[in-house]
Amino acid sequence: MPIDSDLLIDWFDSCARDLPWRRPECTAWGVLVSEIMLQQTPVARVEPIWHEWLSRWPVPSALAAASQGEVLRAWGKLGYPRRALRLHAAATAIATEHDDVVPSDVDTLLALPGIGAYTARAVAAFAYGKRAPVVDTNVRRVVARAVHGAGDAGPPSTTRDMADVAMMLPDDESRAARFSAALMELGAVTCTARSPRCADCPIYDDCAWQKAGRPAYTGPAKATQKYAGTDRHVRGLLLDVLRGTPGPVWKSKLDVVWSDAGQRDRCLDSLLVDGLVEQTRDGRFSLPGEH
DNA sequence: GATCCGTGGCG
DNA sequence: TCGCCAAGGAT
């Protein structure tokens, strides 16, 4: 059973969270910054950083004028700091190639660094009101349950997932964009992964999962990713030292964060390769552009 | 398609 | 306590 767009949009219009990047005065740039920050990162942690960024860098060219090190510091502990570098690169491209205007066309957005299938369509829909299937983890879960009657979404398949949603998109552009935002909102606040609040769900009566008695997820087990002791962990520790220090540091300062010298050095090398760290001529290490 | 890439809160 | 989870993208 497809999702009743009228029910869902009405619920969204009356109950949606008041998030700053949803306000009418928010620019397309503000929407783009929010979408990048929200990748794999909860709203509560993004909000304060988003405000700082929009206040400090209100247009793409302003961010482009900042150094990579400044950008990484301002990114703080949002996680996945390569996103910050890519957003900086995207801002530079927008400033130089698009007249400082965030593109509204999906294919043009896809050509920018750090912008993939989800983010390109999210910006087109939420910043410009375009009709595009916006599919994130929330949408995949809501569709899996409400439409397919499954406990959760299986492994992602961009093509199939977008086709699923495209079929349900209202014809009207503005309503299509609100429908997408509503699907995401429902997954984020009501049809949650762990303990869904089905009693509060606006489409409860139509939900295939509810009708089937809410069967548990039966698909393939999701790969659980470790963190403690991984390279990701060590890279985070190394970067945290550089964020917390005004200028370049000697390697001895970095060596104290992790006992395994082999892993430490491998991670430092990978940070250099990724452009998250630079080495000065005298052999010290710093965030890029800070020496 | 499988892996890698940060960080912190919560049940 | 600790595994799961959070508006993904690049390779």
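Chain A is the first sequence line, chain B the second, and so forth, proteins listed ahead of strands; every chain is numbered from 1.
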> Of Thr137(A) and Arg194(A), whose closest DNA chain C nucleotide lies nearer the 5' terminus?
Arg194(A)

> How far, in whole Å, is dC4(B) from dA7(C) if one measures between their P atoms?
23 Å

> Quick test of your reading of the model: are Arg22(A) and Glu185(A) salt-bridged, counting only N-O distances below 4.0 Å?
yes

> Quick one: on DNA chain C, does Pro113(A) or Phe126(A) contact a more 5' nucleotide (nearest heavy atom)?
Phe126(A)

> Of the options dG9(C), dT7(B), dA7(C), whose atoms approach the side-chain atoms of Arg82(A) most closely?
dG9(C)

> dG8(B) base to Thr41(A) side chain: any donor-acceptor pair below 3.5 Å?
no

> How is Gly79(A) classified with respect to the nucleic acid when contacts are heavy atoms under 4.0 Å: base, sugar-phosphate, or nothing?
base

> Ignoring backbone atoms, establish whether Gln39(A) has a side-chain N or O less than 4.0 Å from OP1 or OP2 of dA7(C).
no

> Under a plain distance cut-off of 3.5 Å, with no hydrogens placed, do Gln39(A) and Thr119(A) share a side-chain donor-acceptor pair?
yes

> Under 4.0 Å between a side-chain N or O of Thr119(A) and OP1 or OP2 of dG9(C)?
yes

> Considering only side-chain heavy atoms of Arg235(A), which listed nucleotide, dG8(C), dC5(B), dT7(B), is closest?
dC5(B)

> I'd like to know if Asp265(A) pairs up with Lys251(A) as an ion pair, taking the criterion as any Lys NZ or Arg NE/NH1/NH2 lying under 4.0 Å from an Asp or Glu carboxylate oxygen.
yes

> Check this for me: does the side-chain of Arg45(A) come within 3.5 Å of the base of dT7(B) through a donor and an acceptor?
yes

> Check the side chains of Ser61(A) and Asp100(A) for a donor-acceptor pair under 3.5 angstrom, ignoring hydrogens and angles.
yes

> On the nucleotide dG9(C), are OP1 or OP2 found under 4.0 Å from the side-chain N or O atoms that Arg121(A) carries?
no

